[in-house]
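Throughout, a chain's letter reflects where its sequence line sits, starting with A, and its residues are numbered from 1. Remember, it's a predicted structure, so these values are computed and weren't measured experimentally.
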Protein chains: 4
Amino acid sequence: MVTQSGKPVPDAARRSEKSRRAIYEAALALVAEAGYPKTTIEGIAARAGVGKQTIYRWWGSKADVLLEAFLDLSEQAAEAAGQVPYAIPDTGDLAADLKAVLRATVDELLDPRFEAPSRALAAEGLVNEQLAREFVAKLLEPQLQLYVDRLRSAQDAGDVRADVDPRIALELFVSPLAQRWLQHTGPISYEYTDTVVDYALHGLAPRS
Amino acid sequence: MVTQSGKPVPDAARRSEKSRRAIYEAALALVAEAGYPKTTIEGIAARAGVGKQTIYRWWGSKADVLLEAFLDLSEQAAEAAGQVPYAIPDTGDLAADLKAVLRATVDELLDPRFEAPSRALAAEGLVNEQLAREFVAKLLEPQLQLYVDRLRSAQDAGDVRADVDPRIALELFVSPLAQRWLQHTGPISYEYTDTVVDYALHGLAPRS
Amino acid sequence: MVTQSGKPVPDAARRSEKSRRAIYEAALALVAEAGYPKTTIEGIAARAGVGKQTIYRWWGSKADVLLEAFLDLSEQAAEAAGQVPYAIPDTGDLAADLKAVLRATVDELLDPRFEAPSRALAAEGLVNEQLAREFVAKLLEPQLQLYVDRLRSAQDAGDVRADVDPRIALELFVSPLAQRWLQHTGPISYEYTDTVVDYALHGLAPRS
Amino acid sequence: MVTQSGKPVPDAARRSEKSRRAIYEAALALVAEAGYPKTTIEGIAARAGVGKQTIYRWWGSKADVLLEAFLDLSEQAAEAAGQVPYAIPDTGDLAADLKAVLRATVDELLDPRFEAPSRALAAEGLVNEQLAREFVAKLLEPQLQLYVDRLRSAQDAGDVRADVDPRIALELFVSPLAQRWLQHTGPISYEYTDTVVDYALHGLAPRS
DNA sequence: CCCTAATCGAGACGGTACGTCCTGTCTTGTC
DNA sequence: GACAAGACAGGACGTACCGTCTCGATTAGGG
């Protein structure tokens with residue numbers, strides 16, 4: 001079978017699982033060690049002990065490789081932590097729950113295993129909208145959906161105003177952290193995220 | 001004269017102004033037309049009618065060139081709009097002032113002349129911390145400082161709680177917009193920024 | 001069964017005749033259409049509707065394939081012309097007989113069906129002595145032997161000096177034609193070969 | 001300036017003589033050591049300590065490189081032997097002069113420095129007519145012209161029939177040697193070339 | 001106002017990586 | 001067990017840029 005692009009579609013059933021895993025590991029290792037711009041397809045192939053064509057057969061670019069490798073890594077990490085299926089805890093104390101989750105996010109953002117590849121993917125996504133859409137759809141949006149769910153529950157409990165749109169509301173505590181991390185606009189810490197949660201829940205204006 | 005690095009320091013007094021302008025224009029045009037990754041130093045030099053060495057003499061990388069070109073562009077645009085010195089309006093109505101400023105920001109983020117280079121610089125900054133620091137110091141932080149000033153004024157007027165840290169508070173309405181734009185996590189519009197301002201000022205929790 | 005080389009010896013009895021013929025035809029067609037260097041094993045396999053391994057199983061290189069294909073072609077052509085067994089005519093007029101045979105050779109050298117593969121094999125033979133030996137033994141030497149026979153007969157008839165070595169003598173009229181064709185050192189025509197035969201039989205020096 | 005092909009014409013005045021020499025040497029060495037098919041442009045570039053682009057800038061293929069390298073080698077060898085300008089000796093004894101020259105040719109054909117590249121070029125020429133024309137025009141034809149001159153002189157002296165075409169006549173002694181060497185159809189030796197000269201000058205038919 | 005030294009346009013250079021093509025081997029499933 | 005199909009590790013292809021370098025030809029500023 002051949003697609004419109006003229007490229008033959010490779011037979012996924014005969015794909016080498018060993019090569020795929022080796023490519024994931026090589027890509028993540030190189031991005032962590034040398035940085036994304038110095039990570040090359042040739043370098044990944046060499047480190048994985050794989051022909052370049054094996055990469056080009058299954059992926060369209062190094063960004064695609066890294067995205068899949070990172071998704072795989074995230075999945076493995078989630079499984080290892082027994083977090084599948086995952087949800088934001090619901091102890092009844094919304095502020096405490098959000099603070100806990102954001103503290104975990106801070107930990108992850110500072111984990112060097114995750115930092116290099118996710119920065120790289122974010123950077124690529126800035127300039128490559130196609131990749132960004134996939135990144136958001138497969139990784140970011142599912143996570144944000146958890147906040148939506150928790151906020152809905154909080155609305156049911158009367159802890160959040162009913163007229164608030166949870167999809168927008170969640171950005172009040174998630175985006176500040178994201179921007180500080182992405183753009184180096186400030187340090188990130190537990191204290192910082194706790195403060196953001198407090199401001200977001202109760203607003204800046206004084207109580208009347 | 002020669003620095004410790006061994007590189008001779010070029011004599012800025014004899015620098016060709018014409019070449020510099022041509023390089024700025026070429027860099028911005030190429031980033032807009034072909035995208036940042038396909039913009040090359042050779043391409044900039046060719047388009048500017050300039051030798052490659054003239055670029056390497058004055059800048060260290062294509063990111064440096066683009067950063068300067070973009071700073072220059074921003075300056076020109078600000079001058080043209082008579083916005084120097086600039087401040088957030090202070091009508092006494094904090095919510096209205098913030099909404100107005102954010103609407104202007106939405107306009108700018110959607111202006112194609114600005115979008116391509118600023119996305120490119122943001123992307124480079126994700127992976128190149130040195131550049132990010134410069135980008136933040138020269139462009140982002142001065143803008144954020146305006147919010148700090150306006151919030152301080154609001155605190156004096158009693159429109160914002162005195163115990164709120166303005167540098168963190170501003171992120172409640174700035175970062176959501178930034179993240180949506182940077183990561184394509186959602187559409188950006190006047191309605192959206194207005195909503196964010198309302199949520200941020202009054203919080204998500206119901207008034208007691 | 002397995003040889004010392006470790007390669008299993010394929011069972012010739014189970015060989016697919018259809019595939020072999022298809023490979024011959026594909027190889028000859030590709031060499032004629034695209035030229036020898038652009039003819040690849042993959043291309044032959046694809047055109048023949050055959051797996052690559054089927055070629056590697058029975059031949060050692062594309063030169064081997066082409067040699068066999070060409071031998072097959074020559075055999076078929078000879079059979080079609082009813083020229084088996086073949087000999088140089090012996091009308092008693094040596095000069096006339098040689099001229100006739102060389103005119104036939106000129107025709108063959110200019111036949112496009114033969115030109116491309118035989119040039120290719122000759123070229124390969126220049127650099128690959130093993131193939132050259134096989135090419136000479138299976139194709140060239142048998143043809144040259146016909147000249148030896150005819151010259152021996154001429155010696156018996158007193159038309160050629162008895163002390164002449166026929167194996168060397170034949171090269172006087174065969175080699176000039178061969179070189180002109182191989183190296184493009186001059187045009188080849190009936191007139192040319194006739195002249196060469198005259199010169200060779202009677203020498204360049206004036207009769208004393 | 002740009003040619004019809006669209007390729008910019010490089011500025012020959014700024015060409016690196018050192019690189020050119022290094023490329024010649026690398027090409028000749030690799031052809032001699034590894035053989036023509038295993039000689040690659042990458043290999044030549046690496047051995048010469050040169051970028052690939054420097055080869056592609058000045059030559060169109062490895063055959064072009066080798067042709068120039070071989071022409072250069074031949075020129076140097078001729079200069080070293082004080083053979084410029086060169087001519088076939090004219091002692092008045094045509095047979096002796098021809099035998100002497102052909103013995104020198106035998107020596108050269110067996111000289112390993114010359115054998116590998118000239119075989120390679122001859123092989124390439126078989127399949128690449130463009131290269132063959134250049135090879136013939138620059139190397140072969142000038143040499144053959146020397147035979148034409150010597151034969152003309154012999155005709156003046158009455159040692160060769162006046163109605164003989166020297167351009168064809170020379171092939172009687174040159175081509176047999178060429179074919180034996182090119183196609184491995186027989187051994188080459190002084191005795192062999194001497195015999196060929198005798199046959200060619202006096203013919204195969206008995207004197208009447 | 002000229003002289004001289006630095007900048008300039010141009011582009012060749014040694015390299016590195018690109019994405020493609022082919023090699024020769026190996027594996028899978030069909031006949 | 002030979003076959004069609006094609007994935008695989010490997011390696012060369014020819015191209016595009018990198019950052020350095022070397023050329024004249026301006027082009028300013030200090031003498």
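- Residues D:Gly125 and D:Ala132 share a closest heavy-atom pair of O-CB, 3.4 Å.
- Between A:Thr40 and E:dT16 there is no side-chain polar atom (N or O) within less than 4.0 angstrom of OP1 or OP2.
- Between the C1' atom of F:dC17 and the NZ atom of B:Lys52 lies a distance of 7 Å, rounded to the nearest Å.
- Using a 4.0 Å heavy-atom criterion, one finds that D:Gly43 contacts no nucleic acid atom at all.
- Regarding D:Glu42, its CD atom lies at a distance of 17 Å from the P atom of E:dT23, rounded to whole Å.
- Nearest-nucleotide assignment on DNA chain F puts the 5′-proximal partner with A:Ala48, out of A:Ala48 and D:Gly60.
- Note: B:Tyr24 OH to B:Leu66 CG = 11.0 Å, rounded to the nearest 0.5 Å.
- Along DNA chain E, the nucleotide nearest to B:Ser16 and the one nearest to D:Ala45 differ in position, and the one closer to the 5' end is contacted by B:Ser16.
- Both A:Gly51 and D:Thr39 lie near DNA chain F, and the one whose nearest nucleotide falls closer to the 5' end is A:Gly51.
- Proximity of D:Arg21 to D:Asp72: side-chain heavy atoms (C-beta onward) are separated by under 4.5 Å at one or more points.
- Atom CG in B:Leu121 sits 10.5 Å away from atom CG in A:Leu126 (nearest 0.5 Å).
- As judged by a 4.0 angstrom heavy-atom cut-off over every strand, D:Trp58 is placed among residues touching the sugar-phosphate backbone only.
- Rounded to whole angstrom, the span from the NZ atom of A:Lys18 across to the P atom of E:dT27 amounts to 10 Å.
- What separates NZ of B:Lys38 from C1' of E:dG19 is a distance of 13 Å, to the nearest Å.
- Side-chain nitrogen and oxygen atoms of B:Ser19 include none within less than 4.0 Å of the OP1 or OP2 phosphate oxygen of E:dT7.
- Here E:dC13 presents its C1' atom at 13 Å from CD of B:Gln53, a figure rounded to the nearest Å.
- Taking the centre and axis of the six-membered ring of D:Trp58, the NZ or CZ atom of D:Arg15 falls inside the cone set by 45° and 6.0 Å.
- Regarding C:Tyr56, its OH atom lies at a distance of 17 Å from the P atom of E:dT27, rounded to whole Å.
- Put simply, D:Arg57 has a side-chain N or O that comes within less than 4.0 Å of OP1 or OP2 on E:dC13.
- Distances shown here put a side-chain N or O of B:Thr54 below 4.0 Å from the OP1 or OP2 atom of E:dG9.
- F:dA5 atom P lies 12 Å from atom CD1 of C:Ile55, rounded to whole Å.
- A:Asp11 has its CG atom 16 Å from the P atom of E:dT27, to the nearest Å.
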